[in-house]
Amino acid sequence: MKEKCAIEVHNLTITYGGAPVLWDVDFELPAGQIIGVIGPNGSGKTTLLKTIMGLLEPSSGYVKIFNQDLSKMRERIAYVPQRESVDWDFPASVFDVVMMGRYRKNNLFKRTNKIDVEIVEECIEKVGLTEFRDRQIAQLSGGQQQRVFIARALAQKAEIYLMDEPFVGVDAATENSILNLLEEMRNTGKTVLIIHHDLQTVSDYFDYLVLLNTRLIAKGTPQDVLTKENLTNAYGGQLTLLAKVANLIKENQFPIREKDVDL
Amino acid sequence: MICINSSSALIGSFAYLRKRSLIGDAVAHSLLPGICLGFIMAGEKNMIYLFFGAFFTGWLSTYLVDYIVNRSKIKQDAAIGIVLSSFFALGIVLLTFIQNGVYTDQGGLNHFLFGQVAAINKDELLLFAVVLAVIVLSIIVFYRSFIIVSFNSDYAKSIGLPVRSIEFLMTSLTVLAIAAGIQALGVVLISALIVTPAAAARFWTHSLGRMLVIAVVFSVFSGLVGAYISYANSQTPTGPWVVMILSTITLISFIGSTKRGILARYLKARNNKSKILLENILKAIYHYHERQDRQKELNLSLAPAEILKVRRFDTADLRHGLNQLIRRGFIGYRGNNYYLTEEGMTESKRIVRLHRLWEQYLLKRTSIDAFHVHSGAEAIEHILSPEIEKELEKELGISGIPTEDF
C-alpha cells in the first residue's frame, strides 16, 4: 500500500425498514487528506458517516479505523453531527459544549482540569469564537453554531474527523475560515472526511472524493470522480433500476444477501 | 413533600431537556396496575411491595413506548397515549377487583388515584428521603453523562459512552421519583411535578446548573405553601394546591421573565414603537427645513400643523411625541411653535442620514426599484447601529447627508 489507510469500509450494507440505504459499499480512504463524500439527497451519506462512527449497525460488512476495530480507536476519531440534529435551545454556553469534546469514557466522573480548560480555550479561539465564549448557544447564528461543533471536535484531539455537512447554513466568510482550518489540520497529518452537497466547490475543497448513490459510484481524485458519466450515474436518475430493485426488496421483506455467500 | 418535590424537579429537568416530559404522565398512569399487583401479591398494603410493583410497571411502560416508537410508524405522542390508557385501564380493573375482593386492609389504595398527603406515614417518609438521596447522588456522579446524552446522544455514542445504560438510568430515576410521589399527588397530578418546575425554571436562566436549582426552589416552595394552605383549610386536599401554585409560578415566569417572558417582549415592542415615533417626528422637522432649503441651519420654529403637512401623524401621537422630545431635550417650545435644539439638530440629521445611506446601499447592492427603496429604508433607519453606520459610510464612500431622497 502506498499510503497509510485511515478508514477501510468493507462491503458495507445498511438497511432501513428493509430497504438498503447503503449497498455493498467498499473503499479505503487515505490518511492525511481532506476527503469529500458527495451524492444526491437520500444517497446514504449520513448513514455512511454514522456507521463509521458505530452509531448504526451494518447489516453486513465492517469498518476498520487504521486497521483496527472502532472500539479501540474511539479516541482517535471525532464526529461533527449535522447542526440540525440537536436542539440549540439547550441551556449551555459555547464553553460548555466545546468542553464536551474533552469528555472521555474514563474521565466522566472527574472534574475538569487546567489542561482541559486550556485546550478548550484554544479550540474556541481557532474557530474564532473567543468573544462568544460564555454566550448561550441558542443566541448564536447558524454559522457560529456550526463552528461550536467543529471546536468541540477539535478539542477531542483526534486524528480522523468526520463532519456531516459543516457548510450548510454557513456564510461565505465562515466557509472560508472553516476551510482554512481544515487545510491546517490536513497539513499536520489529520484526516478529514466531509459530507458535502455543493458540487460547484467540490474540486477546490477536496483531495479525494467518494461519490455515493446507495451504491458506490466512484472514488478517487476529483478529476477521476467528477466525470460526466459518474455524475449522470449518481444524479441523473440513471439508477432507477437500482431503486426499483431496492423497493422490491422492501415490499417483500426480502433478505438482501443469502446467508451462505462469502464476503 | 420537600423530598418528593426536589426529587421530581431534579430528574424532571432532564426529562424536560430530553423532550420526554410526557413520559412522566405515561409512567404515572402505568404505576397503578403495579401498585395493585403489589397489593395482591403481599395481600396487604405493604409499602415495599407496592413500591416495587409500581416501579416495575412504570418502567415497563416507558420501555413499551420506546419499543413502539422504534419498531413501528407510530410517533411518540400516539405511543404514549396508547400505553398510558391501556395500563391505566388495567389498573382500574385490578383496583375494582381488589375492592370487591376478600382483602380486609385495602384502605387507602384509592389514594393513589387522586393523592392524599395525610395518608403518608413515617416509613414512607424514610423511603422518600432515600429516593431523593439516590437521585441527587446519581445526578452528581453522572452529571456529565446526563448532560451529553440529553444534548446530543449521537455524539455521546460516538465517544463511546454507554448511551443506552445512561438513558436507562435516567428513565429509572424518573420512574423512581414518580413512584415516590404518587401517593401524595395521585396519578393525574404527579406529572406536573416532573414537567412544570423545569419549564418554569428555563425561563429564568441559560445555565443548566442554575436551572436545576431554580426548579427545585420553585417546586419545594409550591410544596410548602400548598401544604400550608390545605392545612389551614382542612377541607381541601394538598396535591391540587401544590400544582396550582406551581402553575401560577410558571405563568408568572412566562409573563415576567427577564430573558424570554412576554412582558419583556411587550415592553420592548412598546419601546420600539415610541422610538420610531420620536425619530419620525424629528425627521419630519428636518424635511420641513429641506423644503424651505434651510436644512443647513435647521433653525425654523414650526407649529404642529406644519409638521402634519410634511408627514401624517395621529394628532394624539404627535402631541405625545413632541412632549417626549421636549423632555429629552431634542426640541424646544416657544409661543405655540416648536424648534430643534442643538441635540435635536444632530439627531434629526443622523436619522435622515441613516435613511438615505440605507437607500443608497440597497440601490447599489441589490436590484431594487428606486420606487421601492424608500419604504424599505423607512423601518431600517431606526435600528442601524453606529457601527453599521460606519460600515455603510466606508462601503458607499459617502460622508455627510446624501441629498438624494426617494
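Side chains are part of it too, since the values below use all heavy atoms of this structure and drop only hydrogens, waters and symmetry mates. A note on names: the letters A, B, ... follow the listed sequences, proteins ahead of strands, and every chain is numbered from 1.
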Proximity of residues 77-88 of chain A to chain B, residues having a non-hydrogen atom under 4.5 angstrom: A:Tyr79, A:Pro81, A:Val86, A:Asp87
Per the salt bridge (Lys or Arg N to Asp or Glu O under 4.0 Å) rule, what does the pair list look like for residues 145-169 of chain A, sequence neighbours excluded? A:Arg76-A:Glu159, A:Glu122-A:Lys157
When you look at NZ of B:Lys364, are more than 12 heavy atoms from neighbouring residues, nucleotides or ligands closer to it than 6.0 Å? yes
Can you list everything that forms a side-chain hydrogen bond (donor to acceptor under 3.5 Å, both in side chains) with B:Lys273? Sequence neighbours excluded, please. none
So what's closer than 4.5 Å to chain B heavy atoms on A:Leu70: side chain, backbone, both or neither? neither
Look at atom CZ of A:Phe66 and say whether more than 12 heavy atoms of other residues, nucleotides or ligands are closer to it than 6.0 Å. yes
Among B:Ile147, B:Leu208, B:Val163, residue most engaged with chain A (heavy-atom pairs, under 4.5 Å): B:Leu208
Under 4.5 Å, heavy atom to heavy atom: which of residues 152-159 of chain B reach chain A? Give them by number, or say none. B:Asn152, B:Asp154, B:Tyr155, B:Lys157, B:Ser158, B:Ile159
Any side-chain heavy atom of B:Ser207 within less than 4.5 Å of one from A:Asp96? no
Roughly how far apart are A:Gln136 CD and B:Thr205 OG1, rounded to 0.5 Å? 8.5 Å
Side chain, backbone, both or neither: which part of B:Ile140 has a heavy atom under 4.5 Å from chain A? neither
Portion of A:Gln156 that has a non-hydrogen atom of chain B nearer than 4.5 angstrom: side chain
Return yes when atom CG of B:Leu137 has more than 12 non-hydrogen atoms of other residues, nucleotides or ligands closer than 6.0 Å, and no otherwise. yes
